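The next block holds one structure in the form of structure tokens; read it before the comments.
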Amino acid sequence: MMEFFKNVLGLPALASENGKNVDNLIIYVHWLMIALFIGWFGYFLYAIWRFRAKRHPKADHHGVRSHISNYLEVIVAGVEIVLLVGFAIPMWAKASDVTRLSPEDAGNAVTIQIMAQQFSWNVRYPGKDGVFGKQDMRFISDNNLFGVDPKDPSGKDDIQVSPAAQIHLPVGRPVIAYISSKDVIHSFKVISMRVTQDAIPGLRIPTWFKPTQEGIYQINCAQLCGNGHSSMSGGFLVVESQEKYDQWLASKVGAATSFE
């Protein structure tokens with residue numbers, strides 16, 4: 001049934017595990033909109049019949065005297081509060097909060113940092129030690145976009161690709177991406193992964209997704225960020241096997257950026 005409605009709605013190809021919940025939510029929202037349309041259209045027809053001219057040839061300036069409409073407004077407000085507090089907020093927290101990853105997924109996750117700028121993407125990977133070097137805004141420069149402390153030994157083997165026309169990731173492993181911006185507000189969006197996160201200067205915001213299919217997926221910027229906004233779509237997410245990812249990562253180790 002879900003697949004049928006995905007085809008009816010024309011949802012784009014899905015290549016992530018977490019994206020299933022996003023697609024299901026879109027379908028549920030459409031069901032809700034259909035129910036509301038039927039309900040309000042039915043009420044519209046009832047109002048036309050109830051207040052037709054033949055029944056009320058003379059206008060009644062006192063209007064409705066019962067309090068039914070007030071009760072209905074309270075009920076509608078109550079339903080909206082339940083939907084917001086009971087469903088929307090918990091679902092958003094579960095989908096966006098990386099601390100809610102299971103211990104197994106958290107231990108197997110690939111952690112990267114993505115820095116947006118006018119008009120390209122930059123990415124940083126931890127080195128062999130799996131630990132990012134310390135960062136500070138005062139260290140940011142043209143060749144040190146992430147502000148890595150040059151004296152921290154943990155950052156010596158970090159890999160920075162700037163600009164990153166391709167961001168490589170392994171298939172089947174959760175990805176925790178810390179999103180930030182060098183200049184203005186951007187938004188990291190990969191439709192096939194069903195992930196979108198604003199990139200805000202001065203903040204490093206985590207988001208996560210789990211690729212399930214190998215392939216090359218376009219990265220879009222979902223915020224109008226300047227005259228070259230369309231150039232942001234020149235970035236791609238390359239999802240490949242663990243073996244190919246390891247080979248690519250090994251090929252970049254020797255090119256780790258020196259910030260001194």
Side-chain angles (χ1 to χ4, degrees), residues 1-35 83-84 86-114 116 121 123 125 164-179 186-199 205-224 229-246 248-249:
M1 182 63 72
M2 285 296 187
E3 290 299 325
F4 171 76
F5 282 105
K6 286 181 182 179
N7 293 331
V8 170
L9 295 175
L11 296 179
L14 175 63
S16 71
E17 184 178 288
N18 52 288
K20 295 178 182 178
N21 292 331
V22 176
D23 285 357
N24 290 341
L25 178 60
I26 292 174
I27 292 172
Y28 295 147
V29 168
H30 276 79
W31 273 115
L32 177 61
M33 292 299 103
I34 291 172
L83 290 174
L84 177 64
F87 294 92
I89 293 178
M91 290 176 68
W92 172 82
K94 182 179 179 181
S96 62
D97 190 354
V98 298
T99 62
R100 297 198 177 198
L101 286 173
S102 66
E104 181 181 356
D105 282 342
N108 189 42
V110 175
T111 303
I112 62 174
Q113 294 181 352
I114 296 175
W121 305 95
V123 63
Y125 299 81
Q166 295 183 342
I167 297 177
H168 290 250
L169 294 171
V171 69
R173 293 177 61 185
V175 177
I176 300 176
Y178 288 85
I179 312 297
H186 300 269
S187 186
F188 177 78
K189 182 181 183 72
V190 185
I191 296 174
S192 297
M193 299 296 156
R194 304 296 193 269
V195 60
T196 304
Q197 176 57 60
D198 281 354
I205 306 174
T207 187
W208 74 275
F209 54 96
K210 187 175 182 179
T212 56
Q213 295 182 23
E214 295 183 31
I216 299 177
Y217 306 99
Q218 187 176 47
I219 302 173
N220 295 286
C221 180
Q223 292 282 1
L224 183 59
H229 169 68
S230 60
S231 301
M232 303 293 285
S233 61
F236 293 90
L237 203 67
V238 179
V239 179
E240 54 200 357
S241 66
Q242 184 66 51
E243 181 182 0
K244 290 184 178 179
Y245 172 72
D246 291 338
W248 177 85
L249 206 60

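Only this structure's heavy atoms are used, side chains among them; waters, hydrogens and symmetry mates stay out. Being a predicted model, the structure only gives us computed values, none of them experimental. Residues take their numbers from the sequence shown, with the count starting at 1.
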Checklist entry - Got a second to check how far Q223's CD is from H186's NE2, nearest 0.5 Å? => result 10.0 Å
Item to check | Parallel, tilted or perpendicular, as decided by the 30° and 60° cut-offs, for the rings of H168 and W248 | outcome: parallel
Checklist outcome for this item: Nearest heavy-atom contact between F188 and W121 is CA-CH2, 3.7 Å
Next on the checklist: Within the 4.5 Å heavy-atom criterion, are T111 and Y178 side-chain neighbours or not?
Outcome noted: yes
Checklist entry - If you measure from CD on Q197 to CH2 on W208, what distance do you get to the nearest 0.5 Å? => result 14.0 Å
Checklist outcome for this item: In V175, D105, L101, the residue satisfying side-chain contact (heavy atoms from CB on, under 4.5 Å) with K210 is D105
Checklist entry - So how far is it from I27 CD1 to L32 CG, rounded to the nearest 0.5 Å? => result 14.0 Å
Item to check | Rounded distance (nearest 0.5 Å) linking atom CD1 of I216 with atom CD of E240 | outcome: 9.0 Å
Checklist entry - Any idea which heavy atoms bring Q218 and V190 closest together, and the distance? => result O-CG1, 3.8 Å
Next on the checklist: Could you report the tightest heavy-atom contact between A164 and V123, atom names first, then the distance?
Outcome noted: CB-CG1, 3.6 Å
Item to check | P90 versus L84, closest heavy-atom pair with distance | outcome: CD-O, 4.2 Å
Next on the checklist: Ignoring hydrogens, what is the shortest heavy-atom contact between R194 and S16? Give both atom names and the distance.
Outcome noted: N-OG, 4.4 Å
Checklist entry - So, do I167 and Y217 sit near enough that their side-chain heavy atoms are less than 4.5 Å apart? => result no
Next on the checklist: Looking at every heavy atom in both F209 and P211, which two are closest together, and how far apart are they?
Outcome noted: O-CD, 3.8 Å
Item to check | M193 vs V239 side-chain heavy atoms within contact, under 4.5 Å | outcome: yes
Item to check | Gap between atom CD1 of I219 and atom OG of S233 - 0.5 Å precision | outcome: 10.5 Å
Next on the checklist: Taking the side chain as everything from C-beta on, heavy atoms only, tell me whether D198 gets closer than 4.5 Å to I205.
Outcome noted: no
Next on the checklist: So, taking the atom named NE2 in H30 and the one named CG in L25, what distance separates them when rounded to the nearest 0.5 Å?
Outcome noted: 11.0 Å
Checklist entry - Sub-3.5 Å donor-acceptor pair from the side chain of S187 to the main-chain atoms of C221, do we have one? => result no
Checklist entry - With a 4.5 Å heavy-atom cut-off, do P170 and V110 have their side chains touching? => result yes
